[in-house]
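Worksheet: the structure to be examined is printed underneath.
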2 protein chains.
Amino acid sequence: MGLRERKKQKTRIALIDAALDLFLTHGYDITTVDQIAAAVDVSPRTFFRYFASKEEVVLSPCHDGQEIFESELAARPADESPYQAVTGAMRTALATMRDGDPATVDRFVKVGRLMEETPSLIAAQMCLIAQGERRLAEEVARRRGTGVDDLHTQFVVSLLTTINRVLMEHGPDDLSLLLERMERILAVAERCLRPGWDR
Amino acid sequence: MGLRERKKQKTRIALIDAALDLFLTHGYDITTVDQIAAAVDVSPRTFFRYFASKEEVVLSPCHDGQEIFESELAARPADESPYQAVTGAMRTALATMRDGDPATVDRFVKVGRLMEETPSLIAAQMCLIAQGERRLAEEVARRRGTGVDDLHTQFVVSLLTTINRVLMEHGPDDLSLLLERMERILAVAERCLRPGWDR
DNA sequence: TAACTTATGTCACCTCATGACAGATGACAA
DNA sequence: TTGTCATCTGTCATGAGGTGACATAAGTTA
């Protein structure tokens with residue numbers, strides 16, 4: 001990786017960190033793009049070359065997390081049921097993140113705290129979830145051998161997304177706690193669902 | 001109701017209709033608030049006195065629909081399970097709307113078509129759903145006799161919201177068709193769920 | 001009609017976001 | 001090292017969304 005690419009990564013990370021800190025100390029709505037850019041010593045125009053919007057800089061850690069999950073999911077054996085594959089991928093994705101770069105985890109936690117106190121960001125997060133849901137639909141449809149329009153498949157997809165949403169409801173202060181919380185949610189779900197509901 | 005109040009209702013409806021028509025013919029993003037205001041012969045500043053944002057004018061029919069549903073839900077007998085109460089309220093709400101003012105239905109259909117072709121609106125809709133979900137949580141917690149933080153209750157709530165979301169996935173071209181579609185989704189859900197899952 | 005209340009228009013202003021262009025900087029070959 | 005090229009960045013201009021302040025117009029009530 002060349003110097004140019006490394007510099008780009010650095011300013012990208014710097015923008016994210018500066019933005020998260022400013023948002024958390026002064027509030028999301030009140031903080032301006034100009035302030036973020038000034039904190040990183042970059043022109044405001046440059047900010048928008050890295051992030052399409054003010055929201056995107058907050059959501060970028062979530063986006064990265066989604067990609068990790070999705071690559072884990074794709075690596076799952078083909079004979080697993082959708083539920084098995086998704087829950088397995090979630091477990092390994094969270095564990096990988098927990099044992100990885102602490103700075104990444106830190107950013108994740110900050111985003112979580114920010115979400116709780118900023119309603120306007122919830123919409124953006126929901127949008128991200130909806131996009132992820134569409135990609136998940138294709139994976140589930142493949143595993144169930146139906147089209148993405150199949151009503152049962154749509155139900156399975158929505159339910160899997162639901163589990164993930166309930167999980168993320170309360171921000172992840174600690175990833176180990178989050179993993180534990182996830183197991184409890186899965187236990188509830190399995191109590192409610194008939195065996196083979198996702199086949 | 002006095003003349004002043006009637007006038008307000010009229011401009012409100014006029015703004016919604018003008019906005020929906022402009023959005024559908026030219027596209028949501030390209031249409032400006034100034035154009036909407038000009039179409040109703042009102043100052044742009046006035047538009048923002050009726051709607052807090054450009055999104056809100058689109059979502060207002062959905063918001064009204066939510067309120068109808070929620071009042072139906074509140075009127076349900078207390079001994080019904082959350083699932084029974086919610087599905088019952090949905091049935092009556094949709095039927096009431098179908099047999100009510102055709103203009104209201106028309107607006108609803110237009111919003112649905114607009115959603116399909118405008119990704120940026122999906123986020124806003126999601127936010128509305130999230131808010132409705134929080135209110136639903138209190139109702140479900142009441143019926144289940146738990147707090148809103150109870151994990152099982154959260155699961156039930158999310159699942160009920162999920163059913164609603166799958167239902168609304170494809171815009172309501174026709175309310176009778178929508179009712180029919182709903183019954184099919186409920187059949188799928190009931191096949192997947194153990195009896196008494198929502199108790 | 002007079003006094004009051006409330007909705008509207010006008011004006012000024014801020015933030016978000018984008019296109020265009022020029023200059024700075026890294027990449028790469030000779 | 002140097003020259004060339006690609007690309008990143010800053011500056012400037014522009015437009016749309018959104019809000020506060022204040023005066024004016026219109027409906028309400030006595």
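Below, read A as the first sequence line, B as the second, and so on, with proteins coming before strands; counting in each chain starts at 1.
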Other hydrophobic cluster members with A/V111, side-chain heavy atoms of Ile/Leu/Val/Met/Phe/Trp/Tyr under 4.5 Å, chained? A/L15, A/I16, A/L20, A/L22, A/F23, A/L24, A/Y28, A/V33, A/I36, A/V40, A/V42, A/F47, A/F48, A/Y50, A/F51, A/V57, A/V58, A/L59, A/L114, A/M115, A/L121, A/L128

Classify the side-chain pair B/Q84/B/R76 by whether it contains a donor and acceptor separated by less than 3.5 Å. no

Nucleotide C/dC16, atom P - distance to CD of A/Q35 in whole Å: 9 Å

Kindly indicate whether the side chain of B/R6 and the base of D/dG27 share any N or O donor-acceptor pair separated by less than 3.5 Å? no

Output, in order, the C-alpha distance, side-chain angles, deciding distance and verdict of ring pair (Phe, Tyr, Trp, His ring centres under 6.0 Å) for A/F155 and A/W197. CA-CA 10 Å; A/F155 182 79; A/W197 64 277; 7.1 Å; no

Polar contact flag, side-chain donor to acceptor under 3.5 angstrom, A/R144-A/T153: yes

For nucleotides 4-7 of chain D, print each protein N/O atom paired with a nucleotide N/O atom at under 3.5 Å, atom names and distance only.
{"residue": "D/dT7", "atom": "O4'", "partner": "A/R4", "partner atom": "NH1", "Å": "3.4"}
{"residue": "D/dT7", "atom": "O2", "partner": "A/R4", "partner atom": "NH2", "Å": "3.4"}

Judged by nearest nucleotide, the residue sitting upstream toward the 5' end of DNA chain C, A/L3 or A/R45, is A/R45

I want to check something: taking the side chain as every heavy atom from C-beta on, are B/R199 and B/S81 in contact at a cut-off of under 4.5 Å? yes

Rounding to a whole Å, what distance do you find between A/H26:NE2 and C/dT15:P? 15 Å

For A/Y50, which contact category applies under a 4.0 Å heavy-atom criterion: base, sugar-phosphate, or nothing? sugar-phosphate

Report the distance from atom CZ of B/F51 to atom C1' of C/dA7, rounded to the nearest whole Å. 15 Å

Whole-Å gap separating P (D/dG20) and CZ (B/R49): 11 Å

If we only count heavy atoms from C-beta on, is the B/L136 to B/L73 side-chain gap below 4.5 Å? yes

Under 4.5 Å between any side-chain heavy atoms of A/E183 and A/R91, yes or no? yes

Reading DNA chain D from 5' onward, which residue's closest nucleotide shows up sooner: B/K7 or A/P44? A/P44

If you draw a 6.0 Å radius around CG in A/D41, do more than 12 non-hydrogen atoms from other residues or ligands fall strictly inside? no

Take atom CD1 in A/I30; do more than 12 heavy atoms of anything else shown fall under 6.0 Å from it? no

Under 3.5 Å, which protein N or O atoms sit close to an N or O of nucleotides 14-18 of chain D? Give each pair with its distance.
{"residue": "D/dG17", "atom": "OP1", "partner": "B/K54", "partner atom": "NZ", "Å": "3.0"}
{"residue": "D/dG17", "atom": "OP2", "partner": "B/V33", "partner atom": "N", "Å": "3.2"}
{"residue": "D/dG18", "atom": "OP2", "partner": "B/K54", "partner atom": "N", "Å": "2.8"}

